[in-house]
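Just so we're on the same page: letters track the sequence lines, and every chain starts at 1. Predicted model, so just to flag it, every value in this text is computed and none were measured.
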2 protein chains.
Amino acid sequence: MQQRDRDRRIRKTKQLLRRSFAVLLAEKPLEDITVKELTERADINRGTFYCHYRDIYDLKDQIERELYEEFVAVIDSYGVDNLRQELRSVMAAVFSFLQRNKEFAVIISNYKADSLFFSWVRSEIFRRGLSEWQRIYGFRDSLQWEYYLDFVVAGCVSMLQSWIKKGMRDDPEEMGALAERFILYGPGEVLG
Amino acid sequence: MQQRDRDRRIRKTKQLLRRSFAVLLAEKPLEDITVKELTERADINRGTFYCHYRDIYDLKDQIERELYEEFVAVIDSYGVDNLRQELRSVMAAVFSFLQRNKEFAVIISNYKADSLFFSWVRSEIFRRGLSEWQRIYGFRDSLQWEYYLDFVVAGCVSMLQSWIKKGMRDDPEEMGALAERFILYGPGEVLG
DNA sequence: TACGATAACCAACACTATGTTCATTTGTGT
DNA sequence: ACACAAATGAACATAGTGTTGGTTATCGTA
């Protein structure tokens, strides 16, 4: 990415394509978007599209991939050892990361069902959580633990998604605290 | 559905198309499957396909829609009043429902990310849970409750999905009990 | 069993998007 | 200013789409 995008022209065309892609995605489902229409909207030669992407799905994948790499960088900054202790801060950081990338977050939440991004996020967090569990407890009760980990990870990601759909208004710090309570204490405090 | 599918010919072609669709889906992603290839595999005239479906996505939607309607019938049999009391049984029933429809369940879990079925299931359970909450508690703390409900619903659905991917081996009754514990008591018993 | 209805078949059709080519023009980094 | 690379525009063969009309085969029912 660094090597290739040195050229201003490349950055410009990619940006134009992405903007038009976002607009189109707000109008119709992904499978109805054609290269022809996209490039006409962006006022880019159709051939140029194929210099950068294989097809529409490749474009979508690249966008999600880049967002995902940034996400990994964010949670990497918290080290692997203290995920449990810093649960609240990590979650808050993720919420605030999405807020900073509002434009893409909205694009992704426009996909009718799940996006690749969130699916990657789920398996990444699952992987990390599982390895931490095994580091601490070995393989004891690992099946139940796997289901529970899967349960809470999916829960958190779904919180992220509905938070986005609600307009990202609630404070990231509060959302992080909420997520932590859901994960560690269940519904106790919510149901009273 | 009842009116049209009286004719044996229709049932037969639809079945053939679905079988070939399942096979193709195991080979390649949905967006790479063409009507032409599908009908050739099924040994059905291409024009016949268009008598029943608008396009590939319509075929996929109809399959998921039918499975979803059966699902709704299953949870409807538990009445709306006692969702909370019968949590375990309802969840067990859902697990066992998917086990009975193994073939379709596997098809759906083959979609990388975009299964309409599970997305419908999520919003349906969410809707029911929310209305039950409001019936019992009014609108008190409804925001936190909404996030928590979203959290656990997504968690349960994700349990279903990973259970399918593990081969549906664990007993539906046990899975139902596990889900209930996760929902009501959080990780307490799992983490010890 | 016979009959009217209709689903499936077949061939053909125009149409659209795809992916690739090549020569040309424009803009870039150093 | 220069060499290089990206973007353009036009053209092309290809493949899938969606629909047509006429024919054959199969269906449900009386």
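- A salt bridge does not link A/Arg128 with A/Glu132: every distance from a Lys NZ or Arg NE/NH1/NH2 to an Asp or Glu carboxylate oxygen is 4.0 Å or more.
- In this structure, A/Lys60 does not pair ionically with B/Glu31, as no charged nitrogen and carboxylate oxygen lie closer than 4.0 Å.
- Comparing atom distances between the A/Arg46 side chain and each of C/dT28, D/dT8, C/dT20 picks out C/dT20 as nearest.
- Each end of the helix from C/dT1-D/dA30 to C/dT30-D/dA1 yields a helix axis from five base pairs, and these two axes differ in direction by 60° (to the nearest 10 degrees).
- Using a cut-off of 4.0 Å between Lys/Arg side-chain N and Asp/Glu carboxylate O, A/Glu27 and A/Arg41 are scored as salt-bridged.
- By the 4.0 Å N-to-carboxylate-O rule, A/Asp7 lies too far from A/Lys14 to be salt-bridged with it.
- At whole-Å resolution of the value, CG in A/Asn45 and C1' in D/dA6 are 11 Å apart.
- Residue B/His52 contributes atom NE2, which lies 16 Å from atom P of D/dG18 at whole-angstrom precision.
- When distances are taken from the side chain of A/Thr34 to each of D/dT8, C/dC9, C/dT18, the shortest belongs to C/dT18.
- Nucleotide C/dT6 holds its C1' atom 8 Å from the CD1 atom of B/Ile10, rounded to whole Å.
- Rounded to whole angstrom, the span from the CZ atom of B/Arg11 across to the C1' atom of C/dA8 amounts to 16 Å.
- Looking at residues two or more places apart in sequence or on another chain, you find a ring-ring contact (aromatic ring centres under 6.0 Å, His included) between A/Phe49 and A/Tyr53.
- We find that OH of A/Tyr50 is positioned 11 Å from P of C/dA17, with the value rounded to whole Å.
- Between A/Phe97 and A/Phe71, the two ring planes are tilted [angle within 30° to 60°].
- When the nearest nucleotides of DNA chain D are assigned to B/Lys12 and B/Lys36 by heavy-atom distance, the more 5′-ward of the two goes with B/Lys36.
- Rounding to whole angstrom units, CG of residue B/Leu17 and C1' of C/dA7 are separated by 13 Å.
- For A/Arg9 against D/dA5, a side-chain-to-base donor-acceptor contact under 3.5 Å is present.
- Atom pair B/Asp43:CG and C/dA7:P shows a separation of 20 Å (rounding to whole Å applied).
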*asked:* Could you go through B/Arg18 and B/Gln15, starting from their C-alpha distance and side-chain angles, then the distance that decides it, and tell me whether this counts as side-chain contact (heavy atoms from CB on, under 4.5 Å)?
replied: CA-CA 5 Å; B/Arg18 285 176 182 213; B/Gln15 204 173 13; 5.8 Å; no

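- Interface remark: the B/Arg6 side chain does not form any donor-acceptor pair with the D/dG28 base, using a distance-only criterion of under 3.5 Å.
- Separating the CZ atom of A/Arg8 from the P atom of C/dT26 is a distance of 18 Å, rounded to the nearest angstrom.
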